[in-house]
Amino acid sequence: MSAYPPIGEQLDDLEDARTEGRRKMDWALQHMPILQELREQFRESKPLEGQTLGMAMHVEAKTANLVELLALGGAEVAITGCNPLSTHDDVSAALDANDHITSYAKRGVGDDDYYAAIESVVSHDPTITVDDGMDMVYAIHEDYPELIDTIVGGAEETTTGVHRLRAMDDDGELKYPVFAVNDTPMKRLFDNVHGTGESSLSTIAMTTNLSYAGKNVVVGGYGYCGKGVAKKAAGQNANVIVTEVEPRRALEAHMEGYDVMPMNEAAEVGDVFVTTTGNRDVITREDFAEMKDGALLANAGHFDIEIDLDALSDLAVDEYEARDGVRAYEMADGRRLNVLAEGRLVNLASPIALGHPVEVMDQSFGIQAVCVRELVEHGDEYDAGVHDVPDELDREVAEIKLDAEGVEIDSLTDAQAEYMDSWSHGT
Ligand code: NAI
């Protein structure tokens with residue numbers, strides 16, 4: 001098995017990195033009331049005592065606070081990144097300094113080291129996996145199936161990971177239970193919509209120093225992420241154009257007042273393109289041929305497969321770094337098409353990217369933490385396969401958040417509860 005080393009053995013300026021990483025984590029934690037509350041509970045009751053967690057996630061300050069919460073709950077944690085460009089080395093170093101945490105995440109690693117780091121995490125013999133994109137589950141099933149017997153279960157953070165898991169489950173190949181954290185309301189309605197919308201647009205604006213006002217912003221895919229990007233771009237006075245393959249999603253976008261058209265038509269008029277489909281080849285050679293000089297191309301989907309960069313590179317007569325995080329591809333006719341963050345998810349992989357706002361990730365990671373607790377307490381009640389997050393866990397996290405925000409809500413009276421449960425009443 002791989003001997004890829006933890007980050008603590010890779011950095012020269014380790015002490016400085018740890019200090020800076022800790023500073024980032026402290027700032028984030030101040031704005032994470034759900035994780036703060038769960039920290040108290042986990043510190044007190046140690047629900048994860050005796051468990052080893054293997055994680056592959058975007059290693060930055062918010063994730064790091066989740067990791068520390070899990071360690072406070074009694075777990076030993078080994079973690080690596082789920083994207084070669086989203087790791088903050090200083091945060092990774094701060095985590096690795098914790099006696100109960102080993103972090104292998106390092107920014108900018110090549111493919112071989114990326115997968116070697118996953119193997120190093122697997123070498124800790126995890127009893128629970130926490131993934132963002134399913135790389136850990138995949139590595140275990142493909143290469144270390146002998147571990148499956150001792151794995152209690154897993155939790156998956158993102159849409160693409162859940163899609164992969166459901167496909168695996170349909171083929172009867174998923175051998176332990178995994179919670180679809182992505183699909184639960186406290187995650188998807190906030191993280192995918194608001195988080196992706198805000199952080200993708202702000203990262204693009206800051207990376208390019210350009211405005212959205214009066215521009216045509218083309219959003220590829222009108223799912224949860226696409227809705228957030230479209231709404232927030234419209235809020236910044238852009239003209240929003242949506243491309244879709246699913247008729248009801250296309251109709252929703254149309255009824256919201258956005259223009260809807262095929263990508264090849266949008267390519268002619270778009271100034272900024274943001275793909276959010278989780279699918280491959282959304283912007284292709286035929287589209288590049290139509291684009292205006294100066295077009296900005298960014299991807300917010302999980303993998304770097306939505307913009308066909310091989311075709312773009314093939315068409316280009318010249319390529320150069322136009323700014324930090326912006327690669328210009330010059331066409332034979334002089335047009336320059338600008339790709340952000342190498343076509344990787346822009347809100348996490350751009351050099352200045354910080355990922356979703358802290359408050360949003362507090363909710364997503366609150367769900368992750370209670371799912372891990374549920375696996376330890378009731379894991380044997382779940383069969384192998386993909387599972388929805390139990391509704392009471394989703395509500396638990398929502399209630400902590402409302403409480404922290406000082407928001408009070410009504411509760412059903414007995415008569416109302418009875419009415420809602422009854423089918424015998426008419427008018
Ligand atoms: P979703 O399934 O709700 O939406 C995807 C939409 O894309 C669907 O409406 C689908 O019909 C459409 N689509 C598929 N192929 C298309 C094509 N060729 N052209 C146009 N539309 C197409 O998924 P969701 O939750 O919006 O996630 C999308 C992607 O973003 C996933 O890869 C997910 O993992 C990722 N994600 C990224 C985040 C980030 O921080 N950047 C945060 C959360 C999710």
Side-chain angles (χ1 to χ4, degrees), residues 56-58 60 62-63 82-83 85-86 131-135 156-167 180-204 218-232 241-254 256 258 260-267 270 273-284 286-287 298-308 340-341 343-350 353-358 360-361 363-365 367-368:
M57 301 196 97
H58 302 292
E60 48 72 65
K62 285 102 57 183
T63 313
C82 65
N83 182 300
L85 289 186
S86 63
D131 257 310
D132 187 325
M134 210 200 87
D135 284 347
E156 169 55 52
E157 173 78 7
T158 198
T159 313
T160 286
V162 171
H163 277 171
R164 291 177 79 190
L165 285 165
R166 289 200 195 282
V181 168
N182 177 76
D183 293 359
T184 204
M186 278 297 283
K187 197 276 180 184
R188 185 155 66 178
L189 299 180
F190 302 90
D191 176 316
N192 300 33
V193 179
H194 296 280
T196 310
E198 287 180 23
S199 64
S200 300
L201 290 175
S202 60
T203 305
I204 295 168
V218 179
V219 183
Y222 196 65
Y224 289 90
C225 295
K227 284 174 191 173
V229 174
K231 186 181 171 76
K232 310 233 172 204
I241 298 169
V242 168
T243 75
E244 252 298 343
V245 291
E246 211 288 327
R248 290 152 300 181
R249 290 262 169 99
L251 197 53
E252 262 188 284
H254 173 68
E256 282 296 327
Y258 305 132
V260 179
M261 60 184 78
M263 180 58 84
N264 199 242
E265 284 176 33
F273 295 78
V274 188
T275 52
T276 66
T277 69
N279 203 350
R280 57 177 300 166
D281 307 331
V282 179
I283 303 183
T284 59
E286 292 70 35
D287 306 317
N299 167 48
H302 188 77
F303 287 118
D304 57 342
I305 48 167
E306 307 214 7
I307 304 169
D308 187 350
L340 278 71
R344 295 187 186 275
L345 73 184
V346 67
N347 58 326
L348 282 149
S350 181
L354 294 171
H356 286 3
V358 178
V360 168
M361 294 319 293
Q363 295 189 191
S364 303
F365 291 155
I367 296 288
Q368 286 284 3

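In each ligand, atom 1 is the first atom listed, and ligand 1 is the first ligand listed.
In this structure the side chain of Thr160 reaches within 4.5 angstrom of the side chain of Phe303, judged on heavy atoms.
No salt bridge links Asp131 with Arg164; every basic N to acidic carboxylate O contact stays at or beyond 4.0 Å.
Looking at residues two or more places apart in sequence or on another chain, you find a salt bridge (Lys or Arg N to Asp or Glu O under 4.0 Å) between Glu252 and Lys227.
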* Please step through side chain to side chain contact (heavy atoms under 4.5 Å, CB included) for the pair Glu306 and Thr276, ending with a clear verdict. => CA-CA 8 Å; Glu306 307 214 7; Thr276 66; 5.7 Å; no
* **Check against side chain to side chain contact (heavy atoms under 4.5 Å, CB included), Glu60 and Leu354** => CA-CA 8 Å; Glu60 48 72 65; Leu354 294 171; over 6 Å; no
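Listed by chain and number, Thr158, Thr159, Thr160, Asp191, Asn192, Thr196, Gly221, Tyr222, Gly223, Tyr224, Cys225, Thr243, Glu244, Val245, Glu246, Arg249, Thr276, Thr277, Gly278, Asn279, Ala300, Gly301, His302, Leu345, Asn347, Leu348, His356 each place a non-hydrogen atom less than 4.0 angstrom from ligand 1.
For Asn299 and Thr275, the side-chain atoms include at least one donor-acceptor pair closer than 3.5 Å.
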